[in-house]
> 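Got a structure here, written out as structure tokens. Questions coming.
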Amino acid sequence: MSCCGHKTEPMQGGAGISIRPTAPALSAHSPVFQYTGPTSMAVIGPSGLRYSFRAAGQRLPVDPRDLRSLTTVPHLRRIN
């Protein structure tokens, strides 16, 4: 069987989160971070998930595996 020639890309999730097929689902109990910076920002956590904050005040749930590293990122604060 031949390859179609397309590179494999991660699936795009809603609300600015790129989700790989093997990533655990985010739940209502997932930690939530709020962006407080002046422009947009993207952060990739140790889990491989990419979080895209598009504007100040935006809130995103994060994978618990990324919690520790995201607490060290300037302009991000945990809100739950």
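Given the structure is predicted, the values throughout are model-derived calculations rather than measurements. The analysis underlying the following values was restricted to heavy atoms, covering all of them including side chains, and did not include hydrogens, waters or symmetry mates.
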> Should R78 and V62 count as side-chain neighbours, where that means a heavy-atom distance under 4.5 Å?
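No, their side chains stay 4.5 Å or more apart.
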> Can you check whether I79 reaches R59 side chain to side chain, under 4.5 Å on heavy atoms?
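Result yes, sub-4.5 Å side-chain heavy-atom pair found.
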> Between R77 and T36, is there a side-chain heavy-atom distance shorter than 4.5 Å?
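T36 vs R77: side chains touch.
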> Measure the shortest side-chain to side-chain distance between P46 and D66 over non-hydrogen atoms and say whether it is less than 4.5 angstrom.
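In short, these two side chains touch, coming nearer than 4.5 Å.
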> Hey, are the side chains of F33 and T71 touching, using non-hydrogen atoms and a 4.5 Å cut-off?
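Yes; the side chains approach each other to less than 4.5 Å.
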> Applying side-chain contact (heavy atoms from CB on, under 4.5 Å), run through V43 and L70 and close with a yes or a no.
CA-CA 8 Å; V43 179; L70 292 183; 3.2 Å; yes
> With a 3.5 Å cut-off and no angle check, do the side chains of S52 and R54 form a donor-acceptor pair?
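No - no donor-acceptor pair under 3.5 Å links their side chains.
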> Heavy atoms, side chains only, cut-off 4.5 Å: are L60 and Q34 in contact?
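They are not in contact (no side-chain heavy atoms under 4.5 Å apart), so the answer is no.
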> So P61 and P31, do their side chains get closer than 4.5 Å, heavy atoms only?
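They are not in contact (no side-chain heavy atoms under 4.5 Å apart), so the answer is no.
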> Check step by step if side-chain contact (heavy atoms from CB on, under 4.5 Å) holds for L76 and F53.
CA-CA 10 Å; L76 283 184; F53 295 90; 3.6 Å; yes
> Kindly give the heavy-atom pair with the smallest separation between Y35 and P38, and that separation in Å.
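Residues Y35 and P38, closest heavy atoms: OH-N, 3.9 Å.
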